[in-house]
Structure formats: structure tokens, C-alpha cells
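Chain identifiers are assigned alphabetically (A, B, ...) following the order of the sequence lines, protein sequences preceding nucleic acid strands; residue numbering begins at 1 within each chain. Everything numeric in this text was worked out from a predicted model, so none of it was measured.
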Amino acid sequence: MPEGHTLHRLARAQRDRFAGRVVAVSSPQGRFEAGAALVDGRRLVDVTAYGKHLFAAFGDRIVHVHLGLFGRVVEGPGDPPPPIGAVRMRWVAESGWSDLRGPTACEVLSPPEVELILDRLGPDPLRPSTQRLLQARSSLAGRGPSSEARTSARPLSRDVACARIARSRAPIGGLLMDQRVIAGVGNVYRAEVLFRRRLDPYLPGRDVGRERWAALWTDLGGLMRQGVRTGRIVTTERADRERSSGRVRAEDAHYVYRRTGLPCRVCGSPIVQHDLAGRKLYFCAVCQAP
DNA sequence: GCGAAATGGGAAA
DNA sequence: TTCCCCTTTCGCC
């Protein structure tokens with residue numbers, strides 16, 4: 001589940017259900033007991049996502065959540081169900097409840113500690129400009145918009161990321177997964193957007209070029225915004241699916257991700273799988289030839 | 001019942 | 001690069 005779209009969708013759901021309300025925060029599993037006590041019974045001001053990170057501000061105490069590979073949040077209206085399994089953090093308010101399981105990070109931070117995390121992250125395609133990023137940072141830090149954020153003519157996120165890859169010899173397939181370069185992309189969007197742009201995953205960042213990067217950025221943003229809307233990652237065009245009507249079936253949703261050995265939807269040659277920096281990389285060696 | 005895998009990332013070496 | 005953590009689910013005895 002958790003690439004950037006999941007976190008932005010979650011932030012919206014949590015904001016809708018809990019923002020402005022007093023929240024009872026607990027840790028049925030016990031591993032977040034001390035942290036829960038710091039925010040229990042406080043009013044939730046806002047919830048924001050940035051890349052794959054979620055920040056829930058209870059005033060100047062901010063709960064930071066990172067879902068990692070298999071973290072998950074379940075939420076609903078009414079009274080919470082009895083906790084089943086390892087519920088790290090539970091929220092309960094008059095408007096409903098939510099349960100967090102299996103996160104890599106669940107901790108209470110101060111505004112400066114949040115800044116340190118944001119400093120390590122590149123632009124997020126789900127936030128269209130660096131101006132918006134600065135505004136988000138200001139609100140998390142409990143300030144009004146900074147003078148920097150008010151100034152117009154900030155560089156576009158797209159161009160900030162472009163400058164970063166343009167000076168790197170690392171393969172574009174690796175750079176897309178580097179959260180310091182671009183925040184929120186995971187293994188599915190990485191593989192799929194490279195296929196859609198017909199880019200060789202091993203192409204060095206410096207050789208991608210401004211045109212191709214701009215097209216990739218635009219495509220990626222569209223895919224991720226669709227992911228936020230629908231809660232799933234569907235990257236195939238209608239014409240490239242077995243069935244072109246009705247709900248997209250899971251086996252039709254991707255071009256290359258987890259399709260090792262299956263025929264490419266475009267050219268028919270078998271999709272290949274490599275290992276790149278410890279993660280699986282899927283691509284079509286013909287459509288994405290160097 | 002057991003092992004492996006999963007849309008991630010940080011620290012250690 | 002390798003290890004380690006987080007939790008659930010699914011395939012295979």
C-alpha cells in the first residue's frame with residue numbers, strides 16, 4: 001500500500017475525521033505508550049503528508065508516522081472495534097477511530113525535529129510548487145507563512161528535482177527511489193513511470209535531459225494524483241488492458257511491476273527483473289532499451 | 001504450521 | 001553492500 005499517494009489519501013481522511021477535535025490516543029500494543037501519553041486528550045490541529053511521511057500536529061507536539069513496507073491504517077466512524085493484533089497507535093474521538101499497525105516510525109516530535117526530516121526530502125510531486133512546500137513547513141512549525149514562502153517566483157518542484165538528477169551519474173531507476181531527490185515515489189511508481197516514458201532504468205541521471213524529465217514529472221504527478229483519488233495504483237492505458245471496460249482488474253493494473261516473465265503489453269517480449277540497490281526493478285528490455 | 005514476500009529505510013560495515 | 005526492524009498474508013507442506 002504505502003507509496004506517497006497512500007499517505008496523502010490518509011492525511012485527508014484523518015484530517016476530515018479528526019482535525020479540530022480532542023482525540024484519545026493510546027497504544028493497545030504497548031510500544032507507543034510513552035508517546036501516546038504526550039498527546040492523549042489534546043486537540044488535533046492538522047494532518048499533513050509529505051512524501052511518504054505523515055505528520056499529525058497536536059499543537060507543538062507532532063506525531064510522525066512512516067508506514068515503511070507494510071504499515072497500515074484502518075479507520076472508521078462510531079466506536080472502535082476491540083483491538084486485534086498489534087495496534088501500535090489508536091485514535092478515538094466522537095467522530096470515529098483509527099488504528100495504526102506495523103509502522104517503521106511512530107513518534108512524537110517537536111517542530112524543529114520535523115524540520116530535520118523535511119530537510120532530508122526532495123520535492124513531492126503531490127505538492128506542485130516549492131512555495132507550497134514552504135507553506136506546509138511553516139504551518140507544521142506552528143508559524144505563519146515565512147517571508148520566503150510569501151515570495152512568488154519560487155522554482156518549480158519539477159526543476160528542483162531536475163537539477164538534482166542532472167548532476168548525478170546514478171541510474172535514473174535508482175534516483176527515482178531516492179527520497180532526497182524526489183519524495184513519495186516507491187517501487188511501483190518507479191517501475192511504471194519508467195516504462196510509460198520508455199526510459200532505460202540504467203540511464204544516468206545526467207543524461208535524462210530537461211525534456212524527458214519534464215514529461216516524466218508530469219506523468220508521475222498525474223498517476224499519483226489518480227492514486228490519491230482512487231486509493232490504488234493503476235498505470236495502464238485502457239487500450240493496453242485485456243478488458244477495456246469495468247473496474248480494472250488487479251492483473252491489468254500495471255505494465256511491468258511484478259510481471260516478470262509475462263509478455264510486455266506493448267511489444268510482447270518477456271518482462272525482466274533485476275536487483276537494484278536491494279529492491280526489485282522490473283522493465284521491458286525492448287521498449288526501454290538504452 | 002512454516003517460510004517467504006510485500007508498495008521502506010536507517011544503521012552498520 | 002548487508003543487516004535489521006516493523007506485521008500480515010499467502011502458498012505450500
Side-chain angles (χ1 to χ4, degrees), chain A residues 1-11 27-36 49-55 63-75 81 83-90 98-107 109 113-114 116-122 124-126 170-171 173-196 201 220 223-236 248 250-261 271 273-283:
Chain A
M1 304 299 288
E3 294 196 22
H5 70 300
T6 303
L7 279 298
H8 282 265
R9 185 177 170 86
L10 178 58
S27 180
Q29 172 205 49
R31 296 188 49 176
F32 182 60
E33 263 175 12
Y50 195 126
K52 298 173 190 169
H53 298 256
L54 187 81
F55 300 97
V63 175
H64 167 231
V65 170
H66 193 294
L67 295 177
L69 198 48
F70 30 69
R72 196 175 192 121
V73 171
V74 183
E75 53 115 25
I84 295 169
V87 178
R88 180 78 60 88
M89 177 171 70
R90 164 167 280 188
S98 89
D99 281 352
L100 167 69
R101 293 162 213 271
T104 288
C106 176
E107 57 189 352
L109 301 180
E113 288 171 321
V114 171
L116 290 178
I117 291 174
L118 297 179
D119 283 344
R120 300 199 309 259
L121 298 174
D124 178 344
L126 290 173
L175 291 169
L176 281 175
M177 292 277 280
D178 184 341
Q179 303 298 298
R180 295 168 302 183
V181 174
I182 177 169
V185 177
N187 209 11
V188 183
Y189 283 126
R190 177 259 293 263
E192 294 296 306
V193 80
L194 286 175
F195 178 86
R196 286 172 56 98
L220 185 57
L223 291 173
M224 293 181 76
R225 278 187 290 276
Q226 182 191 67
V228 175
R229 283 197 305 275
T230 63
R232 61 189 295 222
I233 302 178
V234 174
T235 59
T236 47
V248 179
E251 59 267 38
D252 274 348
H254 308 135
Y255 283 106
V256 294
Y257 178 71
R258 291 189 85 181
R259 295 194 72 241
T260 310
I271 300 304
Q273 172 188 324
H274 287 185
D275 214 82
L276 184 65
R279 302 301 301 278
K280 285 178 179 166
L281 168 69
Y282 306 87
F283 64 104

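Here A:R31 reaches the OP1 or OP2 of C:dC6: one of its side-chain N or O atoms lies under 4.0 Å away. Phosphate proximity of C:dC6 to A:R101: absent, as no side-chain N or O sits under 4.0 Å from OP1 or OP2. At B:dT7, none of the side-chain N or O atoms of A:K280 fall inside 4.0 Å of OP1 or OP2 (strictly under the cut-off). Side-chain N/O atoms of A:Q29 include one lying less than 4.0 angstrom from OP1 or OP2 on C:dT7. A close approach under 4.0 Å does not occur between any side-chain nitrogen or oxygen of A:R72 and OP1 or OP2 of C:dT9. For A:K52, no side-chain nitrogen or oxygen approaches OP1 or OP2 of B:dT7 to under 4.0 Å. A:Y257 has a side-chain polar atom (N or O) that falls below the 4.0 Å cut-off from OP1 or OP2 of B:dT7.
Per the geometry, CZ belonging to A:R279 stands 9 Å off C1' belonging to B:dA6, to the nearest Å. Atom pair A:E107:CD and C:dC6:C1' shows a separation of 14 Å (rounding to whole Å applied). In this structure, the CG atom of A:L223 is 18 Å from the P atom of B:dT7, given to the nearest Å. Put simply, CG on A:L67 is 14 Å from P on B:dG10, counting in whole angstrom units. As a whole-Å value, the separation of A:L281 CG from B:dG8 P is 13 Å. Distance CD1 (A:I233) to C1' (B:dG8): 13 Å, rounded to an integer number of Å. Taking atom CZ of A:R180 as the reference point, atom C1' of B:dG8 lies 14 Å away to the nearest angstrom. With rounding to whole Å, A:L126 atom CG is found 19 Å from B:dT7 atom P.
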**OP:** Would you please test A:H5 and A:Y189 for ring pair (Phe, Tyr, Trp, His ring centres under 6.0 Å) and show each step?
**Re:** CA-CA 10 Å; A:H5 70 300; A:Y189 283 126; 5.3 Å; yes
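With both ends at atom P, the span from C:dT9 to B:dG9 equals 22 Å, rounded to whole Å. A distance of about 15 Å separates the P atoms of C:dC13 and B:dA5, rounded to the whole Å. Nucleotides B:dA4 and C:dC3 have their P atoms positioned 15 Å apart, rounded to a whole Å.
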Original post:
How does DNA chain B look in dot-bracket form if you count Watson-Crick and G-U pairs under 3.5 Å, write [ ] for pairs that cross, and put | where a base pairs with another strand?
Top reply: ||||||.|||||.
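Closest contact between the side chain of A:H66 and the listed nucleotides B:dT7, B:dG9, C:dC6 involves B:dG9. Ranking B:dA6, C:dC6, C:dT7 by closeness to the A:R258 side chain, first place goes to B:dA6. You'll find that the side chain of A:F70 is closest to B:dA6, out of C:dT8, B:dA6, B:dG8.
Residue contacts shown for A:R120 are limited to sugar-phosphate atoms, with no base heavy atom under 4.0 Å away.
Mapping A:Q179 and A:Y282 onto DNA chain B via the closest heavy atom, the residue that lands nearer the 5' end is A:Y282.
Between A:Y255 and A:F195, the two ring planes are parallel [angle under 30°; tilted spans 30° to 60°]. Using cut-offs of 30° and 60° on the angle between ring planes, the pair A:H64 and A:H53 is parallel.
Using a distance-only test at 3.5 Å, with no hydrogens or angles considered, a donor-acceptor pair links the side chain of A:H66 to the main chain of A:G68. Between the side chain of A:Q273 and the main chain of A:K280, no donor-acceptor pair closer than 3.5 Å is present.
Of the candidates A:V188, A:L194, A:T260, A:Y282 forms a side-chain contact (heavy atoms from CB on, under 4.5 Å) with just one, namely A:T260.
With a 4.5 Å cut-off on side-chain heavy atoms, A:R190 and A:R279 count as touching. Side-chain contact check for A:V185 versus A:V193: every heavy-atom pair is 4.5 Å or farther apart.
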